[in-house]
Amino acid sequence: MPLTSEPLRKLGFLTIGLFDAADPRRGHESTLEIIELGERLGFDSAWVRHRHLQYGISSPVAVLAAASQRTRRIELGTAVIPLGWENPLRLAEDLATVDILSGGRLNPGVSVGPPMHYDQVKGALYPDTADAEDFGYERVRRLLDHVRGEPATASGGVEGFEVFSDRVQPQAAGLGDRMWYGGASTRSARWAGEHGMNFLTSSVVKAEDGAAGDFASTQLATIRAFRAHHPDGDRARVSQGLVVVPTDNATATQRAKYEEYARTRLPRTATPQGPARLMFAPDLVGPSTEIAERLHEHAAFREIDEVAFALPFTFDHDDYIQILTDIATALGPALGWQPGPDAA
């Protein structure tokens, strides 16, 4: 039984989808197989990260289009698409198309800010408009308007045999309510709430100026700021994405690898890192009963009822199978979650 009065309602996972440059199909196929496994285990959602000019998923919408045809129930999300790389109108078309193909299961998560290493990529990405591009919240608002059916042009109607719409097509019913903002700051949380989005909070938050506290209390303040500015108040959806690695059925070799992974990443959790003063949560590695106890002691976890636990970047396919199986069969139930009736 859960240690709090609020059982976990939705259980999801997040994967980066790494691949070998010499054999990219194998890595993408591994990602799709992991999503299929997640559905069989009863997970409510599967999320993919986004990487440009790296050996990870550069086109999550395309990957999720493929996943939508190999699954029938599990929700499919992006965590997150950096909008600095995207044209909001074209992205809205792609998102709506995949949502329709999936039967209304897409959960697009987005974020703002200039593309990583912008000085090096702007000539290829925006050769004529690099200095004029707006990478702030306005870019998200444009995407939301297109997804939610606001006019994209003043024209429309029939021209000869061609029929034109003044809105992005297709329009996917309900997609506007399934848009997520991935944020680490109070400012982002407020903006997402004011614009009726859902909120993704991960294992990284920003240490706000003048604020004191550990990771959990800082994340809790962000969640409460979001809900304070959302029309749905305390009912507004928040998903937490900590790195969680249960070891119930891991081999001795796997346990040693997982523990070493967490150990090498632990120093960064001691103090805020870099100019942005980023705070990192410790990775949670161990038996599901111990992880459940640590989560129920986590101030921010006690505030939410859905998660998308992040899979570590560099593990092997068999490791992910073991971790996901333990999350679904041991950790999830320890948190009060139960798989759907159609889980294998």
Side-chain angles (χ1 to χ4, degrees), residues 47-48 50 52 57-69 75-115 118 121-122 124-183 187-188 190-200 229-232 236-237:
W47 302 72
V48 293
H50 197 145
H52 286 295
I57 295 172
S58 61
S59 184
V61 181
V63 170
L64 294 183
S68 75
Q69 303 306 293
E75 295 185 0
L76 305 168
T78 63
V80 289
I81 297 173
L83 289 188
W85 293 81
E86 306 289 342
N87 177 290
L89 189 150
R90 277 290 300 116
L91 180 60
E93 292 176 328
D94 288 347
L95 294 176
T97 299
V98 175
D99 189 52
I100 287 172
L101 290 173
S102 74
R105 291 184 284 138
L106 193 63
N107 283 263
V110 300
S111 66
V112 299
Y118 188 53
V121 302
K122 64 183 182 181
L125 188 58
Y126 298 113
D128 301 316
T129 62
D131 295 332
E133 292 292 333
D134 177 7
F135 297 123
Y137 297 120
E138 174 64 15
R139 214 174 185 92
V140 188
R141 189 199 59 77
R142 288 165 54 199
L143 175 65
L144 290 176
D145 284 350
H146 294 317
V147 168
R148 292 171 174 172
E150 295 296 324
T153 175
S155 62
V158 179
E159 296 181 17
F161 295 104
E162 299 277 359
V163 180
F164 293 88
S165 172
D166 64 349
R167 303 185 301 165
V168 161
Q169 296 297 336
Q171 280 289 303
L175 181 59
D177 295 329
R178 284 178 272 114
M179 298 294 295
W180 296 74
Y181 188 88
R187 179 175 177 234
S188 290
R190 286 198 304 264
W191 191 95
E194 290 166 355
H195 290 79
M197 300 184 75
N198 307 304
F199 191 61
L200 290 167
H229 290 81
H230 195 286
D232 293 339
R237 292 181 67 186

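Remember, predicted model here, so these are calculated numbers, not experimental data. Side chains are part of it too, since the values below use all heavy atoms of this structure and drop only hydrogens, waters and symmetry mates.
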With a 4.5 Å heavy-atom cut-off, do V61 and P108 have their side chains touching? no
Less than 4.5 Å apart, side chain to side chain, heavy atoms only: is that true for D131 and K122? yes
Report the distance from atom CG of L91 to atom CD1 of I81, rounding to the nearest 0.5 Å. 5.0 Å
Taking side chain as C-beta onward, heavy atoms only, is V147 less than 4.5 Å from V168? no
Side-chain touch F135/P115, heavy atoms, less than 4.5 angstrom: yes
Does R90 have any salt bridge (Lys or Arg N to Asp or Glu O under 4.0 Å) partners at least two apart in sequence or in another chain, and if so, which? E93, D94
Check salt bridge (Lys or Arg N to Asp or Glu O under 4.0 Å) between E138 and all other residues, then give those that pass, not counting sequence neighbours. R141
Examine distances only and state if a side-chain atom of H50 and a backbone atom of S59 form a donor-acceptor pair shorter than 3.5 Å. no
Where is the tightest heavy-atom contact between I100 and P170, given as atom of each residue plus distance? CD1-CB, 3.4 Å
Results of side-chain hydrogen bond (donor to acceptor under 3.5 Å, both in side chains) for S188 - residues two or more places apart only: Y137, S185
OH of Y118 to CG of L125, rounded to nearest 0.5 Å, is 6.5 Å
Which atom of G182 lies closest to which atom of V80, heavy atoms considered: CA-CG1, 3.9 Å
Of all the heavy-atom pairs spanning Y126 and G84, show the shortest one and how long it is. OH-O, 2.8 Å
Quick one: does L143's side chain get under 4.5 Å of M179's, heavy atoms only? yes
For Y181 and A192, work out which heavy atoms get closest and say how close. CB-CB, 3.7 Å
Ring geometry between H195 and W191 (parallel below 30°, tilted from 30 to 60°, perpendicular above 60°): parallel
Out of curiosity, H230 NE2 to N198 CG, how far, rounded to the nearest 0.5 Å? 6.0 Å
Any V140 side-chain heavy atom under 4.5 Å of M197 side chain: yes
Out of curiosity, R237 CZ to F199 CZ, how far, rounded to the nearest 0.5 Å? 14.0 Å
Taking every non-hydrogen atom, the tightest pair across L200 and T78: CD1-O, 4.1 Å
Which value, rounded to the nearest 0.5 Å, describes the distance between L76 atom CG and R105 atom CZ? 5.0 Å
Give me the atom names and distance for the closest heavy-atom approach of S102 to S68. CB-CB, 3.6 Å
Keeping the roles fixed (side chain from Q69, backbone from L64), state whether a donor-acceptor pair exists under 3.5 Å. no
Considering only residues two or more places apart or on different chains, which pairs with a residue in residues 164-178 satisfy salt bridge (charged side-chain N to carboxylate O under 4.0 Å, His left out)? D99-R178
Report the residues that fulfil salt bridge (Lys or Arg N to Asp or Glu O under 4.0 Å) with E133, sequence neighbours left out, ordered by chain and then residue number. R139
Quick one: side-chain hydrogen bond (donor to acceptor under 3.5 Å, both in side chains) partners of E86, sequence neighbours excluded? none
